[in-house]
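Report on one structure; see the data block that follows.
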Amino acid sequence: MLIKIARGWEIPERLATPEPVFMNRRQLMAAAGAGTIAMALPGMGGRARAAEGDPSAGLYPAGRNPQYTVERAITPEEINTHYNNFYEFGSTKQVAEAAQQLKTRPWEIEIDGEVEKPFTIGIDELLAKVTLEERVYRHRCVEAWSMVVPWTGFPMAKLVALAKPLSAAKYVRMETFLDPDIAPGQRPSVFPWANKLPWPYVEGLTIEEAANELTFLVTGAYGKPVARQMGAPIRLHTPWKYGFKSLKSIVRFSFVRERPVGFWEDIQAREYGFWANVNPEVPHPRWSQATERVLGTGDRVPTRIFNGYGEYVADLYKDKTGEKLFM
Ligand SMILES: Nc1nc2c(c(=O)[nH]1)N[C@H]1C(S)=C(S)[C@@H](COP(=O)(O)O)O[C@H]1N2
Ligand SMILES: [Mo]
């Protein structure tokens with residue numbers, strides 16, 4: 001984002017899209033005919049390894065919730081797993097290989113702050129307490145590209161209920177892992193920019209946003225445990241907000257009184273705020289948000305207010321006058 005800002009909307013599609021995406025598309029089309037997609041693509045070893053030895057693998061695929069489908073085609077998995085923002089593993093979109101260093105078991109999640117009783121829960125114990133479902137959501141990055149993703153997970157409302165927050169809790173503050181040994185992006189010796197960044201990656205929601213029916217804790221995608229580069233073993237997705245709100249590989253949920261300051265807001269508050277609701281009419285200070293590049297299609301389409309999810313979420317913001325709701 002800050003570091004490798006795409007002036008994407010100003011330059012031709014061909015130049016804005018990293019070469020590997022194009023290579024995959026060509027190969028995909030060639031392979032689709034032969035029915036050998038899995039074997040035809042390079043760099044697929046990591047993805048195959050992701051599910052191997054994962055104790056939750058048997059929970060997938062989960063049934064699709066027909067309420068959450070979209071009019072666009074699902075983004076091919078091969079494209080989604082090779083075009084990722086995950087600064088812990090580098091500042092380019094090609095972090096898939098590096099992210100395979102992430103160890104997803106054991107994975108302990110802390111629930112603390114203003115709750116009846118703080119506790120720690122392992123990912124598999126948490127998975128045993130919820131019912132997984134598949135939801136197809138639009139995913140819109142603040143950099144003006146988008147995807148359509150078949151996530152598997154459970155509503156965050158379920159986690160809020162398990163946490164039993166006290167009435168003093170107004171926000172949920174979430175944290176990604178901090179482990180410079182496996183995340184080169186967290187090692188200034190590897191990336192000189194890393195020591196300027198406020199690790200670990202933090203994001204926050206109001207309690208009402210966290211409990212909204214759309215707010216999804218993702219543990220799977222494409223019918224299996226979610227790939228490491230996409231935020232295994234558990235990440236957020238709030239489809240009406242810009243993608244940077246949807247933090248990956250979460251280790252902590254804190255129920256707090258004060259509004260948390262997110263990773264990007266901390267770095268550049270003039271450009272990235274707390275609310276970050278999608279709005280085509282409010283440009284980023286450096287580029288338009290009116291349209292978006294749909295990855296894997298070559299299409300550029302109009303962006304919709306709340307990314308098309310206004311019927312679910314617009315009411316959350318009725319009384320929030322004077323707030324910067326769209327940055
Ligand atoms: N921990 C962490 N979470 C993160 C990021 C990151 O760099 N680190 N990038 C964010 C951004 S900017 C986007 S657009 C989405 C990208 O998710 P995807 O790679 O699954 O498309 O993850 C978000 N979550
Ligand atoms: Mo993003």
Side-chain angles (χ1 to χ4, degrees), residues 1-6 8 18 20-21 46-47 50 74-96 98-99 102 104 137-153 173-180 182-186 191 193-194 197-205 216-222 225-252 262-268 271-273 276 278 284 287 289 292-296 303 307 327:
M1 302 218 317
L2 177 69
I3 297 139
K4 267 220 134 166
I5 286 298
V21 174
R47 193 173 62 79
I74 286 174
T75 304
E77 182 181 6
E78 289 72 20
I79 288 175
N80 198 337
T81 51
H82 292 86
Y83 191 94
N84 304 99
N85 269 339
F86 204 166
Y87 275 79
E88 284 81 345
F89 294 102
S91 61
T92 72
K93 300 290 187 280
Q94 283 70 52
V95 292
L102 183 60
T104 58
Y137 276 170
R138 284 183 292 271
H139 169 29
R140 171 63 157 81
C141 175
V142 73
E143 297 163 338
W145 53 262
S146 68
M147 300 194 208
V148 177
V149 193
W151 301 118
T152 306
R173 179 188 183 278
M174 292 159 278
E175 252 180 47
T176 293
F177 71 87
L178 177 64
D179 189 350
I182 62 142
Q186 295 176 337
F191 292 114
W193 44 261
L197 302 183
W199 303 113
Y201 199 105
V202 166
E203 262 306 338
L205 296 171
F216 209 45
L217 285 171
V218 169
T219 59
Y222 297 93
V226 65
R228 289 174 170 82
Q229 61 268 38
M230 291 165 75
I234 183 166
R235 58 95 51 94
L236 179 69
H237 192 230
T238 46
W240 73 99
K241 291 178 180 285
Y242 291 117
F244 68 86
K245 294 294 293 184
S246 293
L247 81 169
K248 297 180 170 183
S249 306
I250 304 171
V251 295
R252 188 172 178 197
F263 182 78
W264 290 104
E265 184 182 4
D266 199 356
I267 293 169
Q268 191 96 314
E271 301 192 349
Y272 306 105
V278 175
H284 184 277
W287 60 85
Q289 297 290 21
E292 64 203 54
R293 192 164 56 85
V294 183
L295 294 189
T303 288
N307 203 22
M327 62 163 272

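One-based numbering, in listed order, for ligands and for the atoms of each.
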Candidate with minimal heavy-atom separation from atom 19 (O) of ligand 1, of Gln229, Met230, Lys248: Lys248

Phe86, portion touching ligand 1 at heavy-atom distance under 4.0 Å: both

Ligand-side contact atoms (ligand 1) for residue partner Gly243, heavy atom cut-off under 4.0 Å: 10 (C), 11 (C), 13 (C), 14 (S), 15 (C), 22 (O), 23 (C)

Close N or O approach (Tyr87, ligand 1; < 3.5 Å): yes

Parallel, tilted or perpendicular: rings of Tyr242 and Phe244 (30°, 60°): parallel

Parallel, tilted or perpendicular: rings of Phe263 and Trp199 (30°, 60°): tilted

Atom indices of ligand 1 within 4.0 angstrom of Leu247 heavy atoms, with elements: 3 (N), 24 (N)

Ligand 1 atoms in contact with Phe244 (distance to a heavy atom under 4.0 Å): 10 (C), 11 (C), 12 (S)

Min heavy-atom dist Glu203 to ligand 1 below 4.0 Å: no

Aromatic plane relationship, Trp145 with His139 - under 30° parallel, 30 to 60° tilted, over 60° perpendicular: perpendicular

Ligand 1 N/O within reach of Thr176 N/O, cut-off under 3.5 Å: yes

Polar contact flag for Glu88 and ligand 1 (N/O pairs, less than 3.5 Å): yes

Ligand 1 atoms in contact with Ser246 (distance to a heavy atom under 4.0 Å): 22 (O), 23 (C), 24 (N)

Trp240 side chain to Tyr137 side chain, donor-acceptor N/O pair below 3.5 angstrom: no

Numbered atoms and elements of ligand 1 in range of Cys141, under 4.0 angstrom, heavy atoms: 14 (S)

Heavy-atom closest contact (Tyr272 atom, Val142 atom, distance): CE2-CG1, 4.0 Å

Region of Met147 engaging ligand 1 - heavy atom pairs below 4.0 Å: side chain

Geometric N/O contact Asn80 with ligand 1, under 3.5 angstrom: no

Under 3.5 Å: N/O of Arg235 near N/O of ligand 1: yes

Ring geometry between Phe86 and Phe177 (parallel below 30°, tilted from 30 to 60°, perpendicular above 60°): perpendicular

Distance in Å, Glu77 CD paired with Met147 CE, rounded so as to fall on 0.5 Å steps: 11.5 Å

Heavy-atom closest pair, residues Pro200 and Leu178: CB-CB, 4.1 Å

Heavy-atom closest contact (Leu205 atom, Lys245 atom, distance): CD2-CE, 4.4 Å

Asn84 versus Lys93, side-chain donor and acceptor atoms under 3.5 Å: no

Within-cut-off N or O pair, His139 and ligand 1, under 3.5 Å: yes

